Amino acid sequence: MLEKFYIASVSFFAFLTIFGLYSGYLGLINFNMSLLILILSIVLSLNITKKIKTEKVENSKGFYLIFLLFLLLLTSITLPSFVFPHGAGDFQNQVRSVRITAKENSLTPFPIYPNSYYAIGSIFYSLYPHTYRVNSILPIVFEALSIVGVFLIGKLLYNEKIGLLASVIYGFSITSIFYLEQGYFPAILGQFFFISSVYLFLKEENLLLLLSTIGLLSYPHYFIVYIVFLVLESANSKKWSNFKIPIISLLIMSPEVIGIFGKRLVDIQHYNLVLIDGGILTPPLFSFLIFSFSILGYYFVIKKRQINFINLNLSILSYPSLIFFVFLYNMLLKKAELHQLYMAVKFFYLFVFPLSIATAIGAEYLMKRYKIIIILFFIFHIIYFVGYLGVVLPKKANFSGETYEIFEQMDTLKGEFKVGIDLDLINNKGWEPRFPYKSIVDVPDLGYLTGEIAKVELGRALQFHWADYIIKENGIVVINSKGEDVVK
């Protein structure tokens with residue numbers, strides 16, 4: 001049952017990706033098309049799942065409990081407005097892009113970020129026009145499904161106990177929240193499809209693997225890591241036919257592939273951004289404590305020459321090593337700073353997946369002798385996660401849930417308004433915000449660029465997808481389509 005649910009979920013979102021992308025490129029994204037895509041994706045995924053033989057999970061109750069606890073915890077932090085607390089600009093980037101796609105009925109041909117997430121998001125937004133809620137709930141679903149994948153891979157390579165421990169470590173890791181709070185939703189989607197691709201490759205389910213690798217193109221960096229994994233696996237097994245499926249997926253997704261690489265060829269200066277630029281939260285020291293058991297776990301992995309798992313780890317570690325050398329090159333040219341090792345940190349986030357399994361291997365061995373100590377470590381791991389989620393995270397959000405409700409109301413109440421803030425809408429008596437509208441204009445100083453980032457968030461939220469910003473010597477200015485400053 002659990003495996004069928006996972007396979008159906010992977011197939012469903014893969015079909016949404018395919019149909020959503022082609023509908024977007026043809027300019028066909030609207031309510032009727034989105035409803036058709038949703039129904040068709042459900043029917044096709046269920047039909048495929050029926051034909052797949054799956055193994056029964058003997059002790060599934062423990063995993064279901066972990067899965068539901070994770071969903072409840074992450075959903076509870078979105079209440080009462082079902083908007084996840086966000087303190088980073090990428091959240092608004094994803095919100096804008098989903099809204100652009102849905103309202104303009106089409107996708108950008110040469111995107112900076114891959115279009116897959118925006119295609120899926122725009123389908124749900126077309127059916128349920130509340131973009132902050134859509135962009136809060138969808139990533140939580142992808143994170144939760146990734147936990148299922150980690151459990152199944154741990155079970156497949158080792159046993160159910162390893163899978164269960166690995167799913168707890170992975171799911172309740174702070175990196176899960178870091179991804180969500182920073183708004184890296186395309187990466188979350190890519191990580192979901194990376195885990196499913198590894199699982200389906202090990203299971204040798206070729207049709208499902210094709211669907212999963214199509215979805216994996218939602219984040220090309222992770223697709224490259226998967227190709228490295230295939231190289232290592234093929235070198236060991238001498239089975240070079242493994243590359244047929246990725247090649248077919250590239251052909252099926254050729255408009256997206258051409259668009260992504262076309263953007264890079266035209267915009268040469270964007271190479272540094274892809275490799276190392278930007279800022280990203282690095283995991284705190286306490287979050288590493290649980291992973292100390294992985295040292296023993298990797299010892300057993302190497303001792304027993306578990307090639308599949310070794311190749312998986314090496315493939316993920318290969319890309320950050322390349323970034324490190326590029327980083328050194330840029331340091332010599334004085335084009336980068338230490339905090340800009342952007343993609344390297346993102347690949348640590350991906351590395352948490354096999355790291356959790358290795359940690360579970362070490363913890364299971366020590367459980368026989370030091371059961372109380374191991375249990376205390378796991379309790380601390382979960383308490384730390386819950387504490388960060390419930391206490392720290394809400395304080396880091398730029399806006400309250402009520403503020404996002406106002407943004408949603410403005411977006412749906414009166415339809416399109418193109419330039420500036422519609423004063424008639426603001427003064428409309430048909431709706432009453434929970435606090436005076438003018439209060440959200442007075443953004444408090446959040447201590448980050450003297451509060452300018454929060455002003456950017458405000459301006460872009462109020463102006464929706466036609467707002468942009470420019471950086472000047474005296475701060476950041478949010479502008480409308482006429483180039484006018486809209487946040488004083």
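Keep in mind it's a predicted model, so treat the numbers as computed, not measured.
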Which atom pairs, one a donor and one an acceptor, fall under 3.5 Å between side chains of residues 374-387 and the rest of the protein, sequence neighbours left out?
unit_1, atom_1, unit_2, atom_2, d
His381, NE2, Ile169, O, 3.2
His381, NE2, Phe172, O, 3.2

Problem - Ser315 side chain vs Leu312 backbone, donor-acceptor pair below 3.5 Å - result: yes
Practice task
Output yes when Glu3 and Lys203 qualify as a salt bridge under the 4.0 Å nitrogen-oxygen rule, no when they do not.
Solution key: yes
Practice task
Anything under 30° is parallel, anything over 60° is perpendicular, the rest tilted; go ahead and classify Phe309 against Tyr158.
Solution key: perpendicular
Exercise for the section: Could you tell me which residues satisfy ring-ring contact (aromatic ring centres under 6.0 Å, His included) with Phe229, sequence neighbours excluded, listed by chain and number? Expected result: Phe201
Completion exercise
Contacts of Tyr117 meeting ring-ring contact (aromatic ring centres under 6.0 Å, His included) (sequence neighbours excluded), chain-then-number -> Phe185
Problem - Test side-chain hydrogen bond (donor to acceptor under 3.5 Å, both in side chains) applied to Tyr125 and Asn135, step by step - result: CA-CA 9 Å; Tyr125 176 72; Asn135 284 281; over 6 Å; no
Practice task
Output all residues satisfying ring-ring contact (aromatic ring centres under 6.0 Å, His included) with Phe84, sequence neighbours left out; order by chain, then residue number.
Solution key: His86
Practice task
Kindly check if the number of other-residue, nucleotide or ligand heavy atoms within 6.0 Å of OH (Tyr370) is above 12?
Solution key: no
Could you list the donor-acceptor pairs under 3.5 angstrom formed between side-chain atoms of residues 8-21 and any protein atom two or more places apart in sequence or on another chain?
unit_1, atom_1, unit_2, atom_2, d
Ser9, OG, Phe5, O, 2.8
Ser11, OG, Ile7, O, 2.9
Thr17, OG1, Phe13, O, 2.8

Exercise for the section: Determine whether the aromatic ring centres of Phe67 and Phe70 lie less than 6.0 Å apart. Expected result: no
Completion exercise
Residues passing the side-chain hydrogen bond (donor to acceptor under 3.5 Å, both in side chains) test with Ser196, sequence neighbours excluded, are Ser212
Exercise for the section: Would you give the length of the straight line joining atom OG of Ser41 to atom CG of Leu46, rounded to the nearest 0.5 angstrom? Expected result: 10.5 Å
Practice task
Go through the side-chain N and O atoms of Tyr118 and Gln94 and say whether any donor and acceptor fall under 3.5 Å apart.
Solution key: yes
Practice task
Indicate whether the side chain of Glu181 and that of Tyr388 have a donor and an acceptor atom separated by less than 3.5 Å.
Solution key: yes
